Amino acid sequence: VVWLKRDLRLLDHAPLAAAAADEETVVLFIYEPEILASPEFETSHLLFINACLAELARGLEARGARLQTRHGEATVVLDQLYEAWRFDRLLSHEETGTWATFERDRRVAAWCGRREVAWEEHRQHGVFRGLGRRDGWARRWRQHMALPIANAPDTLRSPDGLANPGIMTPADMGLGETTKPDAQPGGEAAAHGVLASFLDERGIAYATGMSSPVTAWDACSRLSAHFAWGSISLRQVYQATESRLAETLPRGWKRPLNAFGKRLRWHCHFIQKLESQPELEFENMSRSYDGLREDHWSDDRFEAWKAGRTGYPMVDACMRALRATGWINFRMRAMLVSFASYHLWLDWRPTSKWLGRHFLDFEPGIHYTQFQMQSGVTGINALRIYSPARQVSDQDPEGRFIRAWVPELEGVPDKYLPNPERMPAAIQQEAGCVIGRHYPEPIVEHAVAYKEARRRIGEIRGRPETRAEAQRVYDRHGSRLRPRPRVKQKAQGDLFASAEVLETDDHERA
């Protein structure tokens with residue numbers, strides 16, 4: 001049995017390649033109720049999965065096999081399949097997922113032991129099980145990415161007589177309609193089309209266009225959803241990028257492709273953190289920050305943030321765009337998290353679950369470790385508090401993105417878009433945007449929230465025990481690409497004066 005999880009493709013699929021020599025193979029996908037009902041799962045995810053499965057089913061049929069689907073808890077499904085067809089091998093990719101999938105894999109391992117089924121797990125990404133320290137990690141990552149790409153099997157044979165419900169719809173699962181009709185389509189062919197358009201055309205704007213929500217839709221690779229659900233492997237993209245770099249490139253191409261290749265490594269760097277410490281889904285990386293925000297929750301602030309009604313145009317535009325499309329570029333994601341964590345002082349755990357639900361490319365290993373980094377609770381990263389007004393000036397000075405997603409601001413002059421509440425009353429009337437009536441007042445005052453956040457974080461960072469904890473976190477999770485940083489002793493009064501082990505600021509997501 002080849003068990004599909006977040007690896008919905010034929011090419012570079014090690015379990016499928018390993019099963020090709022067997023006399024009969026069941027290729028199985030399980031719709032797991034626990035995952036479907038999780039707070040991070042949304043109908044758009046299922047539609048992307050189903051598009052991948054439909055294409056995969058056609059590819060299997062062309063090779064003489066059938067895709068088998070089931071709905072149920074994994075060990076129950078496997079037990080039912082075992083009773084119908086006595087198999088002795090279970091093949092899958094390793095998965096660094098949520099705590100729910102971590103616990104499910106433990107149950108599957110125990111089930112395999114009881115049934116004497118050999119479970120073979122293959123590495124999918126440059127992420128390594130049982131890694132205690134990061135020394136040598138980058139070298140191992142490069143070695144894994146350089147391995148030959150596994151060809152799709154020429155033939156596969158499925159056993160006869162197994163009932164197969166086929167691909168199941170959201171209605172079958174009890175899910176409502178998606179709010180994201182324009183989300184990216186799934187499937188292996190779509191993934192390779194996106195890759196080709198990036199390496200041949202769009203990628204030249206990657207380095208300069210990734211930060212602005214005006215240009216990022218085309219300048220970014222847009223492969224993140226395909227990575228998340230496995231319709232293309234990271235190794236395929238890495239090797240295709242390296243091949244492109246080896247060509248005689250037109251002027252202006254080398255820098256963006258090098259930047260993109262670096263971020264492919266960061267993809268696995270962040271997943272490795274969750275692989276090494278699954279509790280990071282719900283525990284602060286640095287336990288020195290326990291209790292920082294947990295007792296300051298505000299439903300009103302949370303609802304305003306979710307709805308894109310905070311009174312900060314860039315925050316609101318990004319949130320509305322995300323809810324409609326399932327994607328927003330990295331810098332704007334970081335700004336959304338920063339605003340929730342520092343301006344609204346909301347604990348990262350509920351906000352991370354909610355954003356995970358709306359990211360079509362929700363990848364747990366990246367999501368939770370980045371969320372902690374942007375919320376200031378890792379202890380090893382520089383504090384980043386984004387100014388939403390400055391992001392307007394820097395990334396959308398003409399208001400093209402903002403006006404597309406916050407139509408209330410259509411008539412507001414460009415110079416007032418960073419802070420619409422500063423418009424004189426006469427201009428508000430003329431623009432058809434009266435603050436407090438057509439568009440909300442800022443939910444908090446930036447300067448006040450900024451100062452208070454720095455004070456609170458700085459108070460914790462200045463403690464000797466926090467500095468000791470930072471060293472421990474670095475030893476376990478920090479990058480080894482640059483020389484080991486020296487912990488500096490400075491005065492406690494300055495936020496950045498507390499002893500701090502910096503990892504890197506160069507972490508923008510592909």
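Predicted model, so just to flag it, every value in this text is computed and none were measured. For the numbers below, each heavy atom of this structure counts, side chains included, while hydrogens, waters and symmetry mates do not. Note that the numbering runs from 1 along the sequence shown for the chain.
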So which atom in [X] and which in [Y] form the shortest heavy-atom distance, rounded to 0.1 Å?
X      : Y      : value
Pro185 : Phe48  : O-CE1, 3.4 Å
Leu223 : Ala191 : CD2-O, 3.7 Å
Val406 : Tyr439 : CG1-CE1, 3.8 Å
Pro165 : Thr69  : CD-O, 3.1 Å
Leu156 : Pro153 : CG-CB, 4.0 Å
His125 : His144 : O-NE2, 3.3 Å

Side-chain touch [X]/[Y], heavy atoms, less than 4.5 angstrom:
X      : Y      : answer
Leu4   : His13  : yes
Arg134 : Lys273 : yes
Tyr31  : Leu53  : yes
Glu281 : Pro364 : no
Val127 : Glu94  : no
Phe330 : Gln370 : yes
Val27  : Arg63  : no
Met314 : Trp405 : no

Derivation and outcome, side-chain contact (heavy atoms from CB on, under 4.5 Å), residues Leu60 and Arg66: CA-CA 6 Å; Leu60 290 172; Arg66 292 182 301 277; over 6 Å; no
With rounding to the nearest 0.5 angstrom, report the [atom1] to [atom2] distance, [X] to [Y].
X      : Y      : atom1 : atom2 : value
Leu355 : Leu322 : CG    : CG    : 6.5 Å
Ile328 : Leu336 : CD1   : CG    : 7.5 Å
Asp182 : Thr325 : CG    : OG1   : 8.0 Å
Glu32  : Glu73  : CD    : CD    : 7.5 Å
Ile232 : Leu195 : CD1   : CG    : 5.0 Å
Glu120 : His93  : CD    : NE2   : 12.0 Å

Backbone N or O of [Y] within a donor-acceptor pair of the [X] side chain at under 3.5 Å?
X      : Y      : result
Ser92  : Trp3   : no
Arg202 : Cys220 : yes
Ser212 : Gly209 : no
Asp316 : Thr310 : yes
Gln239 : Met145 : yes
Asn329 : Trp217 : no
Thr169 : Asp172 : yes
Glu95  : Asp7   : no
Arg133 : Asp135 : no
Asp396 : Gln391 : no

If the threshold is 4.0 Å, N to carboxylate O, is there a salt bridge linking [X] and [Y]?
X      : Y      : value
Arg235 : Glu242 : no
Asp414 : Arg403 : yes
Asp394 : Arg331 : no
Arg107 : Glu34  : yes
Arg309 : Glu408 : yes
Glu40  : Lys353 : yes
Arg244 : Glu247 : yes

The single option from Tyr386, Trp305, Tyr312 passing ring-ring contact (aromatic ring centres under 6.0 Å, His included) against Phe339: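 Of the listed residues Tyr386, Trp305, Tyr312, the ring-ring contact (aromatic ring centres under 6.0 Å, His included) partner of Phe339 is Tyr312.
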[atom1]/[X]: more than 12 non-hydrogen atoms of other groups inside 6.0 Å:
X      : atom1 : answer
Arg390 : CZ    : no
Arg400 : CZ    : no
Asp154 : CG    : no
Arg255 : CZ    : no

Donor on one side chain, acceptor on other, Trp137 and Gln272, under 3.5 Å: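 Their side chains do contain a donor-acceptor pair, which is all the 3.5 Å distance test asks for.
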Ring centroid separation Tyr238 to Trp141 under 6.0 Å: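 Ring centroids of Tyr238 and Trp141 are less than 6.0 Å from each other.
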Option among Ser233, Ser231, Ser221 that satisfies the side chain to side chain donor-acceptor pair (under 3.5 Å) test with His226: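 So the option named by the test is Ser231.
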Whether His45 and Phe41 hold their rings parallel, tilted or perpendicular, with breakpoints at 30° and 60°: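 His45 vs Phe41 ring planes: perpendicular.
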Whether Tyr206 and Phe260 hold their rings parallel, tilted or perpendicular, with breakpoints at 30° and 60°: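 Aromatic pair Tyr206/Phe260 classed perpendicular.
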Stepwise side chain to side chain donor-acceptor pair (under 3.5 Å) test for Asn284 and Trp348: CA-CA 9 Å; Asn284 289 325; Trp348 62 268; 2.7 Å; yes
Pair His269-Trp266, ring pair (Phe, Tyr, Trp, His ring centres under 6.0 Å): steps then yes or no: CA-CA 5 Å; His269 166 76; Trp266 281 109; 4.2 Å; yes
